[in-house]
Amino acid sequence: MSENKYKKKLIEVAIPLEAINAASVREKSIRHGHPSTLHLWWARRPLAACRAVLFAQLVDDPSSDLENFPTPEAQEVERKRLFAIIEDLVKWENSTNEEVLERARAEIRKSCGGELPPIYDPFSGGGSIPLEAQRLGLPAYGSDLNPVAVMIGKAMIEIPPKFKDQAPIHPGARNRQFYRNAEGLAEDVKYYGEWMRERAWERIGRLYPQVDLSKEYGGGKATVIAWIWARTVPSPDPAFSGVQVPIASSFLLSTKPGKEAWVEPIVDRQAKTIAYRIRHGGTKAEIAAAKEGTKAGRGANFRCLMSDTAITPDYVKSNGRAGKMGQTLIAIVAEGNRSRAYVPPTEAHETLALSAKPERKPETSLPNDPRNFWTVDYGLTTFGDLFTDRQLVALNTFSDLVHEARAQIETDARTAGLSSDPTPLRDGGNGAKAYAEAVSVYLAFGVSKATDYHSSITTWHSSREIIRNTFGRQSLPMTWDFTEANFFSASTGNWLNCIEWGVKTLDALMPRNTGLEIQHDAQSVSYPERTVISSDPPYYDNIGYADLSDFFFAWMKPALRPIFPEIFGVLATPKAEELVATPYRHGGKDAAESFFLDGMSRAIANMVAQCSDLFPATIYYAFKQSEVAQEGISSTGWATFLQAVVEAGYAVVGTWPLRTEMANRMIASGTNALANSVVLVCRKKEATAESITRAEFIRALKRELPPAIAELQGANIAPADMPQSAIGPGMGVFSRYRAVLESDDSPMSVKTALQLINRELDEYLGGIQGEFDADTRFAITWFEQNGTGKGDYGVADNLARARGISVDSVKHAGIVESAAGKVRILSRDELDEDWDPEEDRHLTVWECLQHLVRQHEKDGISHDTAVLLKKINIQAEAVKDLAYCLYDISANKRKDAKEATAYNALIADWAELTKAAAAIHDTSGDRQTRMDI
């Protein structure tokens with residue numbers, strides 16, 4: 001395929017990366033109405049990023065239209081217009097703004113000749129990419145091997161379009177003229193969710209009694225929010241062997257200032273009993289002791305309250321495996337008057353909870369994966385073991401009610417006038433039966449979602465006074481003291497909340513086109529014609545999706561199997577074909593890596609074989625920071641993944657770093673904190689691609705990488721993101737050839753290519769030092785060697801002479817201090833506060849940057865910072881180059897995270913600062929200069 005057969009797309013040239021990343025960061029704090037709240041899934045891509053990537057993937061770059069944009073200047077103007085559309089598109093508040101969305105859709109239609117291509121994600125997971133394709137008016141397709149992921153996809157992109165703009169059918173529905181999108185569906189989900197709660201209360205409400213409040217809380221009865229339990233084991237002291245003693249990681253209930261509350265165990269050694277009372281306030285020593293619970297060090301090390309004997313991890317494990325681990329109620333949290341009420345445990349509440357007799361429990365075994373599943377060693381070996389008996393009774397009750405609700409909905413739908421067509425939802429039906437099944441999908445999600453707050457892994461958050469959910473991380477840890485939430489309260493984990501999150505998501509969905517989600521492996525799935533690929537594959541060994549999702553599958557299956565028997569006709573989620581490098585499953589790290597590489601290569605080769613020639617493919621890859629911290633940009637997972645992409649037949653033509661954390665965040669080691677994920681932009685490799693030698697590859701890198709890096713700098717790519725961004729043009733060189741041959745004629749690995757690309761980036765950043773004035777070049781070298789510490793004058797003198805200047809020259813420039821045979825660079829805080837670049841007769845790039853960084857650290861994107869940038873004027877581009885250079889020295893050579901962060905943050909805000917500076921018309925006189933904002 002030759003280059004002139006397709007039009008280059010915007011994403012192959014430039015995108016407004018900072019705007020996309022800022023929107024992605026902000027999105028993390030959005031809860032209500034965000035699709036992620038429909039059901040938990042791990043490592044979803046931000047919707048803002050998916051929306052922007054799809055737009056830029058489909059819209060022509062102006063350089064592809066020389067008739068309308070014949071010059072680079074005209075192309076840049078048009079590019080900025082398209083950037084403005086993206087900048088509006090990625091804002092969360094515009095995700096339902098029809099005017100903004102339609103502007104984007106119009107651009108897509110124009111670039112696609114009015115014929116919209118289907119978008120397909122064969123690793124659809126949490127469904128972000130198909131959902132955003134649908135929002136942009138495109139036919140959306142997704143597939144996944146995992147049943148839970150498939151159901152999330154169906155609930156977001158497949159079901160809502162079937163019942164778009166339809167009024168609700170429940171009795172007593174409001175007489176509204178218009179129901180848009182999925183609003184009617186959402187209203188029915190809410191109604192029948194409430195219907196289920198009423199019937200559940202009738203059946204099991206007795207298991208959730210109120211509690212008596214003491215006078216300090218106003219007396220009377222109150223609804224329980226949570227029961228707090230501690231696990232127990234028999235005392236290891238033979239004298240107390242019959243006593244179950246608590247193993248609790250903390251006795252704290254509230255750490256809010258002035259509202260401190262904690263559990264105090266009352267030990268009676270003579271009677272061999274332990275009781276618990278609630279304490280308020282207390283000394284620092286008492287609070288500190290309560291914070292430790294019965295812990296005696298890290299891990300499962302505890303002490304016996306009866307005898308103070310050590311309770312070792314081995315002792316806890318052996319008792320757990322022998323079935324001797326129990327639980328004891330240590331506190332009750334209730335709904336007080338505008339605050340939490342903490343009540344001591346009562347025998348009645350404990351006895352009632354332990355009297356619950358579940359009819360069934362999930363028997364699927366937990367995986368023997370000590371990295372992510374910690375409970376197995378302690379005797380909790382099945383998914384059912386992760387729930388208390390009362391939780392199991394409640395979850396079974398709500399699960400059964402999904403079926404009863406489905407029958408009721410079908411009856412009500414027919415009464416409301418829906419067709420009696422018996423075609424089920426899975427076969428494309430849209431009558432009363434199919435609609436009842438559709439509503440019950442979201443009700444089943446309520447049950448599944450509830451398990452995240454109703455397991456014995458949940459704990460009490462004493463500083464926020466709320467329940468922590470089961471999946472605070474991408475694993476199932478062991479917990480020692482845990483909370484048992486009340487389905488019928490008005491607080492965290494209550495049933496109506498579990499339904500309400502889904503209702504709010506449905507209310508905000510905008511199904512502008514059809515959607516289809518199927519269960520299939522990515523290696524052999526068939527795509528529609530002219531498919532455009534945008535995919536978020538699993539990331540090497542980061543997350544064990546299948547193992548984790550069995551937690552939810554165990555509860556989805558009984559509720560949804562009658563609706564989707566093929567999807568839920570298995571005992572557990574498919575594991576053998578899951579493309580994750582899981583050492584415990586494949587017999588070791590090397591075998592797991594080979595499995596991942598082979599499978600991912602086949603999956604991507606399937607993409608290459610079927611995807612459209614007219615559009616690039618986009619593939620997301622998430623970095624595992626711990627691995628990168630040890631191995632850098634050529635880390636094993638990243639290199640293995642890129643190897644699969646290249647071997648499958650794609651040429652990588654771009655890499656864009658996406659962040660969901662703050663742009664100036666640095667990892668603790670002081671090395672550059674890589675972006676959370678990278679989007680690879682890929683085209684099919686030329687059929688006529690040739691092989692070249694290592695030397696030819698290096699020459700091509702030296703020829704093509706510097707101008708590409710200069711363009712990235714011109715686009716204000718943050719220094720921390722430059723290593724990942726430079727991979728794009730570097731891999732573009734590597735992957736366009738059939739092979740790069742080493743001296744022994746073996747093909748060069750991607751890992752080696754990444755190392756060479758990174759070396760060229762280092763050389764480029766070092767090379768731009770030659771463009772600066774001599775005083776700045778001296779300061780760079782001195783800073784690299786000494787930081788802001790002192791060094792010998794003789795060394796400094798030799799360094800200065802080599803640059804044709806003297807130490808006195810650098811001192812006169814206001815950069816260094818020289819005294820008593822020692823030289824040191826002045827810190828930013830020591831620079832002259834009244835410095836004015838327009839008055840400085842010995843102006844240096846170093847001084848301009850340091851003053852600008854100081855002002856930016858103080859005020860951020862402010863009027864004063866913009867005025868200073870305006871005054872620097874013709875030095876601005878050199879100042880930006882120096883910021884990249886000093887970032888590289890600080891982060892990678894000096895390991896100074898704080899200093900690196902300052903330069904990274906300045907570049908991250910450079911575009912906004914430049915705009916603000918351009919709006920200033922006068923920098924003379926006082927500081928009240930005029931700005932056109």
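Given the structure is predicted, the values throughout are model-derived calculations rather than measurements.
- For Ser524 and Asp521, the side-chain atoms include at least one donor-acceptor pair closer than 3.5 Å.
- Within 6.0 Å of the CZ atom in Arg464, the count of heavy atoms belonging to other residues, nucleotides or ligands does not exceed 12.
- Distance alone, capped at 3.5 Å, is enough to place a donor-acceptor pair between the Gln57 side chain and the Ile533 backbone.
- A side-chain donor-acceptor contact under 3.5 Å links Lys154 to the backbone of Glu517.
- At a threshold of 4.5 Å between non-hydrogen side-chain atoms, the residues Thr492 and Asn497 do not count as touching.
- Within 6.0 Å of the CD atom in Glu93, the count of heavy atoms belonging to other residues, nucleotides or ligands exceeds 12.
- Of the possible polar contacts, one joining the Lys449 side chain to the Thr37 backbone as a donor-acceptor pair under 3.5 Å is found.
- Residues Thr483 and Thr458 bring a donor and an acceptor atom of their side chains to less than 3.5 Å of each other.
- Side-chain rings of Trp555 and Phe387 approach one another, their centers coming within less than 6.0 Å.
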Tell me, with the steps shown, if Arg561 and Glu437 meet salt bridge (charged side-chain N to carboxylate O under 4.0 Å, His left out).
-> CA-CA 11 Å; Arg561 187 173 181 179; Glu437 291 177 335; over 6 Å; no
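- Aromatic ring centres of Trp92 and His34: separated by under 6.0 Å.
- A distance-only check finds a donor-acceptor pair linking the side chain of Asn494 to the backbone of Ser491 [under 3.5 Å].
- Although no hydrogens or angles enter the test, the distance criterion places a donor-acceptor pair under 3.5 Å between the side chain of Gln610 and the main chain of Tyr527.
- Ring to ring, Tyr192 and Tyr442 are not that close: their centroids are 6.0 angstrom or more apart.
- Here the side chain of Lys557 pairs no donor or acceptor atom with the backbone of Phe552 at under 3.5 angstrom.
- Residues Tyr120 and Ser535 form no side-chain contact, since every pair of their non-hydrogen atoms from C-beta on lies 4.5 Å or further apart.
- By the 4.5 Å heavy-atom criterion applied to side chains, Arg414 and Glu410 are counted as neighbours.
- Between Trp42 and Phe471, the distance from one ring center to the other falls under 6.0 angstrom.
- Both the sub-6.0 Å distance and the 45° axial angle are satisfied by Arg390 relative to the ring of Tyr208.
- Side-chain contact check for Leu89 versus Asn94: every heavy-atom pair is 4.5 Å or farther apart.
- A donor-acceptor pair shorter than 3.5 Å can be found between the side chains of Asp452 and Asn469.
- Ion pairing between a basic and an acidic side chain is recognised when a charged N comes within 4.0 Å of a carboxylate O; Arg135 and Glu132 show such pairing.
- Checked against the 6.0 Å centroid criterion, the rings of Phe488 and Trp495 do not qualify as a close aromatic pair.
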Does the side-chain hydrogen bond (donor to acceptor under 3.5 Å, both in side chains) test come out yes or no for Thr223 and Ser489, once each step is laid out? CA-CA 6 Å; Thr223 299; Ser489 76; over 6 Å; no
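- Contacts classified as salt bridge (Lys or Arg N to Asp or Glu O under 4.0 Å) and involving residues 106-121 (residues at least two apart or in different chains) are given here: Arg81-Glu107, Glu102-Arg109, Glu107-Lys110, Glu115-Arg530.
- Between Asp188 and Ile169 there is a side-chain heavy-atom pair separated by less than 4.5 Å.
- With contacts defined as side-chain heavy-atom distances shorter than 4.5 Å, the pair Leu476/Leu386 qualifies.
- With Met196 as the partner, the side-chain contact (heavy atoms from CB on, under 4.5 Å) test is satisfied by one option alone out of Leu401, Asp400, Thr397: Leu401.
- At least one donor-acceptor pair closer than 3.5 Å links the side chain of Asn606 to the backbone N or O of Ala522.
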Could you check Ser549 against Asn146 for side-chain hydrogen bond (donor to acceptor under 3.5 Å, both in side chains), going step by step and ending with a plain yes or no? CA-CA 8 Å; Ser549 62; Asn146 192 295; 2.7 Å; yes
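- Under the salt bridge (Lys or Arg N to Asp or Glu O under 4.0 Å) criterion, Arg176 pairs with Glu183, sequence neighbours left out.
- Residues Lys190 and Asp507 are not paired through a salt bridge, judged by the lack of any N-O separation under 4.0 Å between the basic side chain and the carboxylate.
- Formation of a donor-acceptor pair under 3.5 Å by the Gln134 side chain with backbone atoms of Ala140 is not found in this model.
- Centroid-to-centroid, the aromatic rings of Trp41 and Tyr545 come within less than 6.0 Å.
- Taking a cutoff of 4.0 Å between a charged side-chain nitrogen and a carboxylate oxygen, Glu187 and Arg174 qualify as a salt bridge.
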As a quick check of understanding, evaluate side-chain contact (heavy atoms from CB on, under 4.5 Å) for Phe83 and Leu10, giving each step before the final call. CA-CA 10 Å; Phe83 280 13; Leu10 188 61; 4.2 Å; yes
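- Between Tyr141 and Glu158 there is no side-chain heavy-atom pair separated by less than 4.5 Å.
- Arg44 places a side-chain N or O within 3.5 Å of a backbone atom of Gly126 that can act as its donor or acceptor partner.
- Using a 4.0 Å cut-off between charged nitrogen and carboxylate oxygen, Glu98 and Arg103 do not count as a salt-bridge pair.
- Formation of a donor-acceptor pair under 3.5 Å by the Thr411 side chain with backbone atoms of Ala407 is found in this model.
- Ion pairing of Asp60 with Lys9 is present here, as a side-chain N (NZ or NE/NH1/NH2) and a carboxylate O approach within less than 4.0 Å.
- Taking the centre of each ring, Trp501 and His32 come in below the 6.0 Å mark.
- Using a cutoff of 4.0 Å between basic side-chain nitrogens and carboxylate oxygens, Asp165 and Arg180 are not scored as salt-bridged.
- Under the 4.5 Å side-chain criterion, counting only non-hydrogen atoms from C-beta, Pro161 is not in contact with Thr514.
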